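The structure displayed is predicted, hence computed values, not measured ones.
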Amino acid sequence: PDRAAWTEYFRTVEIPVLFETAVALEALRANEDDADANSIGEMVANDPLMTLKVLAYASSHRGKSVVTDTETVTAALVMMGISPFFRAFGTQLTVEEHLASEPEALAGLHATVRRAHRARNYALGVVGHRIAPDAAVVPSGALLHAFADTMVWFPGTT
């Protein structure tokens, strides 16, 4: 009924990720010693749902001595560490599993994710012409901008 209720809901609900993300995460987990923040960050950056999960986790689990939020997935991974990341993010529920009985909702979610990817790619092109310390944040912001639209496709969230 209000913003506080939505905030509480999204703090407690398990947000599924794209199937490709879950498969890639398990492949990286199998070779955890070879995984690094950049390779994981690139994989996560293709999934707005997983991106949000990682950034939200990093924000709520930062140390007391950390005075600024991490603004990119790679920065969050550097702060949390690779092994703690894999411990925090076990096997992921996928949107394809979650919406298996709702093909129209799954198609709508995939269309929303494609729009988020286009927005991120456009943002990457724009920031390529900027020399600014915050340039890396812009594509993530563009990817996450459609988060509310993405969540509308999940039954029970509207």
Residue list, side chain to side chain contact (heavy atoms under 4.5 Å, CB included) with [X], at least two apart or on another chain:
X: Asp33; answer: none
X: Arg3; answer: Thr7
X: Ala56; answer: none
X: Glu97; answer: Leu93, Thr94

Let me confirm one number: the OG1-CE distance from Thr74 to Met79, rounded to the nearest 0.5 Å.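 With rounding to 0.5 Å, OG1 (Thr74) is 13.5 Å from CE (Met79).
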
Straight-line distance of Arg87 CZ to Ile82 CD1, nearest 0.5 Å: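 Spacing of CZ (Arg87) from CD1 (Ile82) equals 11.5 Å.
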
For [X], side-chain hydrogen bond (donor to acceptor under 3.5 Å, both in side chains) partners two or more places apart:
X: Arg114; value: none
X: Glu42; value: none
X: Asp36; value: Ser39

Does [Y] offer a backbone N or O that forms a donor-acceptor pair with the side chain of [X] under 3.5 Å?
X: Glu104; Y: Glu102; value: no
X: Thr51; Y: Val44; value: yes
X: Arg118; Y: Val113; value: no
X: Asp2; Y: Ala5; value: yes
X: Ser59; Y: Leu55; value: no

Quick check: Phe85 with Tyr57 (ring centres under 6.0 Å apart)?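 No, they do not, as the ring centres are separated by 6.0 Å or more.
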
What's the shortest heavy-atom distance between Arg120 and Ala45, and which atoms?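 So the minimum-distance heavy-atom pair works out to NH1-O, 2.7 Å.
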
Treat each ILVMFWY residue as a node, draw an edge where side-chain heavy atoms are under 4.5 Å apart, and state whether Val78 and Met80 are in one component.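 As far as the 4.5 Å side-chain criterion goes, Met80 and Val78 are not connected within one cluster.
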
Honestly curious: do Val95 and Ile15 fall in one hydrophobic cluster under the side-chain, below-4.5 Å linking rule?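 The answer is yes; both residues are in one hydrophobic cluster.
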
Acceptor/donor pairs from residues 16-28 side chains to any protein atom, 3.5 angstrom cut, sequence neighbours excluded:
unit_1: Thr21; atom_1: OG1; unit_2: Asp47; atom_2: OD2; d: 2.7
unit_1: Glu26; atom_1: OE1; unit_2: Arg29; atom_2: NE; d: 3.1
unit_1: Glu26; atom_1: OE2; unit_2: Arg29; atom_2: NE; d: 3.3
unit_1: Glu26; atom_1: OE2; unit_2: Arg29; atom_2: NH2; d: 3.1

Any heavy-atom pair between the side chains of Arg115 and His110 that's under 4.5 Å?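 No - every pair of side-chain heavy atoms lies 4.5 Å or more apart.
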
For Glu14, check salt bridge (charged side-chain N to carboxylate O under 4.0 Å, His left out) against everything at least two apart and list the hits.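 Here the qualifying residues are Lys53.
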
